[in-house]
Amino acid sequence: GIRPRDWSSDVCSSDLPPDLSRERTAAAAAATLSGTVVASFGRRFAVELHGGEQIECVTRGKRTDLACGDCVEVARTATGEGVIESVATRASLFYRSDVQRQKLIAANVTQIVVVLAPSPPFHAELLDRCLVAAQDAGIPALLALNKIDLPGADAAAASLERYCRLGYPLVQLRAKSDVSPLRERLHGHTSVLVGQSGMGKSTIINRLVPEAAARVGEISAALGGGRHTTTHARLYHLDDTSHIIDSPGLQEFGLVHIPPENLAHEFVEFRPYIGRCKFNDCRHLNEPGWAIAAAVEGGRSEEH
């Protein structure tokens, strides 16, 4: 399966973009500065240096596999821009993948917040895939049901009860008027908001960080990205110990990076039955003596 590249080593120094090629030697010789990637726009990134200054950066070569939250070392160029020289080993990485590529969502996060809503209705399969990826990455997940004042909210909350029984916490809110139920769950975490388009992630960000729209406009204009708050991932500070990453809306969530034989382990409700199948090499699909199927038929496991 596809696995993220180890970025603990130095970034390759070849194929520097033309506009910075003349400064290659000077940048390499300069002392590097530590910072955090706070926005990504294709091959360009906004890096917040220790002390708060933000500078526009590129990587050496054609590398783009960086994520919001990455801790990096940057060499400043004569033009005031920066070149990302190296990336620190990640404490965590949340990403999705298909057969062609992987899409990094956020690095070094301690919590994934899956934002859901009754309208437009959320897709249970997409939710399951997000939770499987979170389990695989070893990152706790929180469910946030937004727009609870809309029709269908009670039914949506009822459909999430099975996830609560599996140990996933649920918070309900109306982001347009009050985000305090979610805010208290974000304290002390670096969280990433994920979910389908239209769930209200941008509204949540704008309520949590009122100056976000203006700051997004500045970064987008500088780096040539779109001005919409969910066009690209961005990191915001809530306080000294709490940070949040807004990510673009999802329409699908590939899991090609998880080996098929490991998938069953990432469903919390399946774990009590792993190892109880008739055959040791059971793929948990339709083999005879599949313990998980027997548990579902007996009503002992929640179906997803």
Side-chain angles (χ1 to χ4, degrees), residues 92-97 105-106 109-118 120-148 152-173 181-196 199-201 204 244 247 250 252-277 282-287 289-304:
S92 66
L93 177 65
F94 186 62
Y95 69 110
R96 57 191 176 96
S97 62
I105 298 175
V109 296
T110 60
Q111 179 173 245
I112 295 166
V113 181
V114 185
V115 182
L116 310 160
F122 66 87
H123 301 303
E125 181 181 350
L126 185 63
L127 169 58
D128 289 343
R129 286 172 172 267
C130 288
L131 295 179
V132 165
Q135 288 290 334
D136 182 67
I139 308 171
L142 168 69
L143 308 183
L145 180 61
N146 189 23
K147 307 182 185 181
I148 58 172
D154 290 343
S159 72
L160 295 173
E161 289 181 1
R162 58 183 177 179
Y163 296 91
C164 297
R165 292 195 294 269
L166 294 174
Y168 293 107
L170 171 67
V171 60
Q172 302 186 45
L173 71 155
L182 177 60
R183 186 189 297 273
E184 60 190 38
R185 302 300 296 263
L186 303 176
H187 183 70
H189 283 285
T190 297
S191 305
V192 56
L193 296 184
V194 297
Q196 297 166 224
M199 297 292 103
K201 298 192 309 298
I204 291 173
I244 192 164
S247 67
L250 299 170
E252 56 185 17
F253 201 109
L255 298 171
V256 174
H257 59 283
I258 303 179
E261 61 271 20
N262 292 353
L263 275 174
H265 294 265
E266 311 305 353
F267 287 89
V268 176
E269 65 273 34
F270 289 171
R271 291 177 182 173
Y273 309 101
I274 302 296
R276 297 186 182 183
C277 299
C282 182
R283 296 176 300 165
H284 314 297
L285 296 174
N286 53 12
E287 293 84 354
W290 177 26
I292 295 174
V296 171
E297 291 175 3
R300 298 191 301 272
S301 176
E302 291 284 346
E303 283 189 76
H304 274 82

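Quick note: residue numbers are just sequence positions, from 1. If you're wondering where the values come from, they're calculated on a predicted model, not measured in any experiment.
Side-chain polar atoms of Asp128 and Tyr163 form a donor-acceptor pair below 3.5 angstrom.
Residues satisfying the side-chain contact (heavy atoms from CB on, under 4.5 Å) criterion with Pro120, sequence neighbours excluded, are Lys147, Met199. Here Phe94 pairs with Phe253 under the ring pair (Phe, Tyr, Trp, His ring centres under 6.0 Å) rule; sequence neighbours left out.
Taken to the nearest 0.5 Å, the CD atom of Glu266 stands 11.5 Å off from the CG atom of Leu131. From Arg129, atom CZ reaches atom CG of Leu263 across 9.0 Å, with rounding to the nearest 0.5 Å. The CG atom of Leu116 sits 6.5 Å away from atom CG of Leu145, with the distance rounded to the nearest 0.5 Å. In this structure, Cys164 SG and Leu170 CG are separated by 4.5 Å, a value rounded to the nearest 0.5 Å. In this structure, CG on Leu142 lies 6.5 Å from CG on Leu182, to the nearest 0.5 angstrom. One finds the CG atom of Leu255 at 8.5 Å from the SG atom of Cys130 (value rounded to the nearest 0.5 Å).
Val109 is listed as a side-chain neighbour of Ile139, based on a closest heavy-atom distance under 4.5 Å. Using a 4.5 Å cut-off on side-chain heavy atoms (C-beta onward), Phe122 and Val114 make no contact.
When atom types are taken as modelled, the side chain of Gln111 and the backbone of Arg185 share a donor-acceptor pair closer than 3.5 angstrom. A donor-acceptor pair under 3.5 Å links the side-chain atoms of Ser97 to the main chain of His257, judged by distance alone. Ser191 places no side-chain N or O within 3.5 Å of a backbone atom of Ile244 that could act as its donor or acceptor partner. Panel note: side chain Thr190, backbone Thr110; no donor-acceptor pair is recorded below 3.5 Å. Under the 3.5 Å distance criterion, the side-chain polar atoms of Gln196 are matched with a main-chain donor or acceptor of His123.
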Using atom types as modelled, flag every donor-acceptor pair under 3.5 Å from a side chain in residues 153-161 to any protein atom, sequence neighbours excluded.
unit_1: Ser159; atom_1: OG; unit_2: Ala156; atom_2: O; d: 2.6

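Scanning all heavy atoms of the two residues, the minimum distance from Pro140 to Gly138 falls at CD-O, 3.9 Å. The heavy-atom pair separating Asn146 from Pro118 by the smallest distance is O-CD, 3.2 Å.
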Verdict with reasoning, Leu250 to Arg96, per side-chain contact (heavy atoms from CB on, under 4.5 Å): CA-CA 10 Å; Leu250 299 170; Arg96 57 191 176 96; 3.4 Å; yes
CA sep, side-chain torsions, deciding dist, call: Val115, Val194, side-chain contact (heavy atoms from CB on, under 4.5 Å): CA-CA 6 Å; Val115 182; Val194 297; over 6 Å; no
side-chain contact (heavy atoms from CB on, under 4.5 Å) between Leu143 and Val171, intermediate numbers included: CA-CA 6 Å; Leu143 308 183; Val171 60; over 6 Å; no
Trace of the side-chain contact (heavy atoms from CB on, under 4.5 Å) decision for Ile204 with Leu193: CA-CA 9 Å; Ile204 291 173; Leu193 296 184; 4.0 Å; yes
